[in-house]
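Single-structure report; data block below.
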Amino acid sequence: MVGIENNERRGVVRRVTTFFDGATAEMLGHTKSAIMDVSHILDHLNEPQREAVTAPLGNALVLAGAGSGKTRVLVHRIAWLIEAEGVSPFGVLAVTFTNKAAAEMRQRIEALLDIPIRGLWVGTFHGISHRLLRMHWQEAKLPQNFQVLDADDQLRLVKRVMRSLDIDEHRWPARQATWFINGHKDEGRRANSLPDDNDLFQMTHKRIYENYEELCNQGGLVDFAELLLRSHELWLDKPELLAHYQHRLGHLLVDEFQDTNTIQYAWLRVLAGSNGCVMAVGDDDQSIYGWRGARIENIQRYSDDFKDVATIRLEQNYRSTGNILRAANSLIRRNAGRLGKELWTAGGDGEPIRLYAAYNDLDEARFITERAQGVIDTGGSPDDVAVLYRSNAQSRVIEEALMLAGIPYRIHGGFRFFERAEIKNALSYMRLIHDRHADPAFERVVNTPTRGIGEKTVEVIRHEARERSVSLWQACKDAIVDGRLSGRAAGSVGAFLKLVDDLAEACDELELHELTEIVIRDSGLLEFHGREPGERGLARKENLQELVNATRQFTGELVFPLQDDDAAEVSMLQEFLDQAALDAGEAQAGSGPAVQLMTLHSAKGLEFPTVFLSGLEEGLFPHRMSTEEHGRLEEERRLCYVGMTRAMQQLYLTFAETRRLHGSDSYNRRSRFVDELPHELIHEVRMKTGVEVPFGIPRRPKSEPLQEDGALRIGQRVHHAKFGEGFVLHCEGAGERARVQVNFSGVGEKWLMLGYANLKPMD
DNA sequence: TCTATCACCATTTTT
DNA sequence: TGGTGATAGA
């Protein structure tokens, strides 16, 4: 029904160029909105936003700059489709990358439309693909109770495969093999489609991929990439099924389009078919996930691959001050091949961007802490402050400084709730209760808590299972009957089997949370983890309790409700386990206002009144590993752009001349990104005094200051009391912080503080 | 089978 | 520097 309506509508061309709030209804022509008040949808939108929200039914590309109201446009567009265009909620599919974004969008749509939108599909690529596979497991050639593997499960499985193939894990790290498999799946390639060549790397990994694939198929295991790949294949294999969804889902909206990878793009194209309307929202300047397969070119290809794409640019920024935007604009302008966008604000210039050249990482942390304290002292909330860094290793010193100052902070990233070992253990018992043949779960808890089933015994069971192509569980039963296990091992294994069977029986008729409670107690996990030394034991026990709470609150309500004909028979337990795999939860429960510490990557999409961009040093940011390739350097620059545009009022850039990383000191030059910013927008904060001076002018090119003193120049031979003779390689800094790198004939290259080294020129 | 010790190593992260 | 994984000894 919906599909037919849509097809008719798509021919209708409506030009809506200007809106006057009072006149809106009259201007909408013959659509349903003529009799309906849609001002709540269109009020408070700027011109381009309204253009996007009310775009004619068809394909559209919305280039939404940072802070330009992207989510707002998506939400209002959906409301517009439903209320003004009369599209059924069942005909709309909104795709995001994270569960958080999906939840937020759903919530905002419901708030805007003031009614729960049953049937509206809002979810992640993975979540939606997963749902499809659950509904059409037979067509997708999966067992009904197939299991979703998370990254950790996958890695373990790959390791198991490699061991069974006798592949040296030193030479071929399992991480790399997993990377290889996922990389190809993300590109839509199955193991058998990879070419055979003489490349040992390729052939080894292909072999692993093939065996891994086989093991997954045998055990009904589906990893993240597989969800997408398989649902894509499902559509291609079953045209009638595809037709059903194409007909039903006539309106697709995709958030963060620049982050789509090859398979996601293909997935969308297939689903859209020739009649579907796709609204792609994204920002090529914020593409920072190329390293995990995202294809920035998808956003460029889109206009070619889809017909009659209307392009709308959202460039008015509602977040940052003029200075911040000007700096960000001029930074990103250095990247080539952009679709082009220039952020502007109706607000004022605001304060200058502040730059702090710290002596070392501790000094940097001290400065950040001091200024964060300043924000709090002047009535700000700790929540208003974010400290961003390139790599997680940088967080420690900042943490310590904040802790010392008694400023509450929260670190984003790290282990998330469902990724914690104790939680995964508990879930594994639950998984086994649900499906005795779930091998990954079996492997995980067969000897957790320790019950005398060692590696040797497990190896016997694995061998048995492989020989007969049965699950580990089945292999245990057989091995006991056939007497293939020693008396002692047979006893322990038998006890484990009985434990799980007993748990299953005891929990048969119970609510999910009651089951969970019994599982963590009777499996011995609660006691086992509680015994762990120190704070950790306590924390783990609490987490397990928290799991019980989570199951109690779990309603089984689907992320996106299904229409009656979609109804799939899925137990609450299954549902919960799936969700735990697909949504690992938040890393830390928020408790009170706190300064936010996170990587630049995880800051995307967020905003803060005060932002510290720390560690702006060559080698760290841009990261050493990204400086070689041009494309990767541009991605680093986009990352810097993302970081800067998080700031609403105040932006601090900091770097350290010396940094302790991995236990040894490193001396890095200030990041090129700092120098790519217009100097007039920056004030440099001087050490100790805190006095601000204009940035840029007095700074001389490196090595010059020393030359002027007539002391040293590059290449000059020098003598050091302890290291002997050498010649100067580099000079950096000035005054008390001046350093030289000298290549000594005896001890090699050394960095020395000029003030202390007492170098004697030799010529 | 479990625990202590020692190399080894080290962007970014969601699903 | 600190976390991880392999190995040796109890």
Side-chain angles (χ1 to χ4, degrees), chain A residues 95-102 123-130 148-155 159 168-170 173-175 179 182 185-186 222-229 231 256 259-261 263-264 287-294 361 388-397 400 412-416 418-419 447-459 486 488-489 492 533 559 578-587 598-605 615 619-627 632 635-636 638-640 642-643 659-666:
Chain A
V95 198
T96 63
F97 277 84
T98 66
N99 292 297
K100 200 175 146 202
T124 62
F125 277 102
H126 297 269
I128 290 159
S129 298
H130 169 251
V148 180
L149 296 179
D150 67 16
D152 183 56
D153 297 328
Q154 187 188 26
L155 187 66
K159 280 186 181 163
D168 181 10
E169 280 183 67
H170 280 284
R175 291 208 163 275
W179 187 261
N182 291 337
K185 285 193 177 190
D186 285 344
V222 176
D223 61 48
F224 289 134
E226 183 76 23
L227 289 167
L228 288 156
L229 184 51
S231 56
E256 307 279 18
D259 289 339
T260 52
N261 62 28
I263 189 70
Q264 287 159 341
S287 162
I288 54 173
Y289 287 111
W291 51 273
R292 63 174 197 210
D361 46 348
L388 311 183
Y389 36 79
R390 176 65 238 262
S391 70
N392 290 113
Q394 291 168 249
S395 70
R396 181 161 288 114
V397 269
E400 280 164 6
H412 294 243
F415 272 94
R416 324 250 294 293
F418 287 110
E419 286 169 356
N447 199 34
T448 317
T450 45
R451 52 171 69 85
I453 303 175
E455 193 47 44
K456 220 176 126 220
T457 309
V458 176
E459 195 39 65
S486 66
R488 200 187 158 115
S492 320
V559 181
D578 283 344
Q579 189 172 312
L582 288 168
D583 183 358
E586 288 287 301
M598 68 189 84
T599 62
L600 286 150
H601 282 92
S602 35
K604 194 169 81 154
L620 187 62
F621 187 28
H623 199 277
R624 187 166 296 104
M625 319 214 78
S626 303
T627 44
R632 304 196 59 182
E635 182 157 307
E636 295 277 314
R638 290 194 291 269
L639 193 55
C640 188
V642 166
R659 181 176 296 275
R660 195 121 212 218
L661 213 55
H662 310 318
S664 57
D665 289 332
S666 60

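So you know, we letter chains A, B, ... as the sequences are listed, proteins then strands, and number each from 1.
- For A/Thr457, the side-chain contact (heavy atoms from CB on, under 4.5 Å) test picks out A/Ile453, A/Ile461, A/Leu485, A/Ala489, A/Val493, with sequence neighbours left out.
- Here A/Arg416 lies in heavy-atom contact (under 4.0 Å) with sugar-phosphate atoms only.
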**OP:** Check the pair A/Leu227, A/Phe125 against side chain to side chain contact (heavy atoms under 4.5 Å, CB included), reporting the backbone distance first and the verdict last.
**Re:** CA-CA 9 Å; A/Leu227 289 167; A/Phe125 277 102; over 6 Å; no
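- Residues passing the salt bridge (charged side-chain N to carboxylate O under 4.0 Å, His left out) test with A/Arg488, sequence neighbours excluded: none.
- A/Tyr389 pairs by the ring-ring contact (aromatic ring centres under 6.0 Å, His included) definition with nothing, not counting sequence neighbours.
- Partners of A/Ser602 under the side chain to side chain donor-acceptor pair (under 3.5 Å) rule, at least two apart in sequence or in another chain, are A/Thr599.
- A/Asp583 comes within 4.0 angstrom of nothing in the nucleic acid, heavy atoms only.
- With DNA chain B read from its 5' end, the first of the two nearest nucleotides for A/His662 and A/Thr457 is the one closest to A/Thr457.
- When heavy atoms are screened at a 4.0 angstrom cut-off, A/Glu226 is found touching no nucleic acid atom at all.
- Among the protein residues, A/Asn392 comes within range of the sugar-phosphate backbone only, with heavy atoms under 4.0 Å from sugar or phosphate atoms but none that close to a base.
- In this structure, A/Arg624 reaches neither bases nor backbone, as no heavy-atom distance under 4.0 Å exists between it and the strands shown.
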Nucleotides 6-10 of chain C: which of its N/O atoms have a protein N/O under 3.5 Å away?
none

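- By the ring-ring contact (aromatic ring centres under 6.0 Å, His included) test, A/His623 is found to be paired with no residue, residues two or more places apart in sequence or in another chain being considered.
- Residues that satisfy the side chain to side chain donor-acceptor pair (under 3.5 Å) test with A/Asp150, not counting sequence neighbours, are A/Lys424.
- Listed by residue number, the members of residues 449-456 of chain A with any heavy atom below 4.0 angstrom from DNA chain B are A/Thr450, A/Gly454, A/Glu455, A/Lys456.
- For A/Arg451, the side chain to side chain donor-acceptor pair (under 3.5 Å) partners at least two apart in sequence or on another chain are A/Tyr429.
- Here A/Ser287 pairs with nothing under the side chain to side chain donor-acceptor pair (under 3.5 Å) rule; sequence neighbours left out.
- Taking for each of A/Ala225 and A/Ser626 the nucleotide of DNA chain B with the nearest heavy atom, the 5'-most of the two is the partner of A/Ser626.
- Nucleotides C/dT4 and B/dT13, compared at atom P, are 16 Å apart to the nearest Å.
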**OP:** Start with the C-alpha distance between A/Asp361 and A/Arg660, add both sets of side-chain angles, then the distance that settles salt bridge (charged side-chain N to carboxylate O under 4.0 Å, His left out), and finish with yes or no.
**Re:** CA-CA 7 Å; A/Asp361 46 348; A/Arg660 195 121 212 218; over 6 Å; no
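- Between chain A and DNA chain B, the heavy-atom contact criterion of under 4.0 Å yields a 5' to 3' nucleotide range of B/dT1 to B/dT15.
- Partners of A/Tyr289 under the ring-ring contact (aromatic ring centres under 6.0 Å, His included) rule, at least two apart in sequence or in another chain, are A/Trp291, A/His601.
- Residue A/Ala581 is out of contact with every strand shown, counting any heavy-atom pair closer than 4.0 Å.
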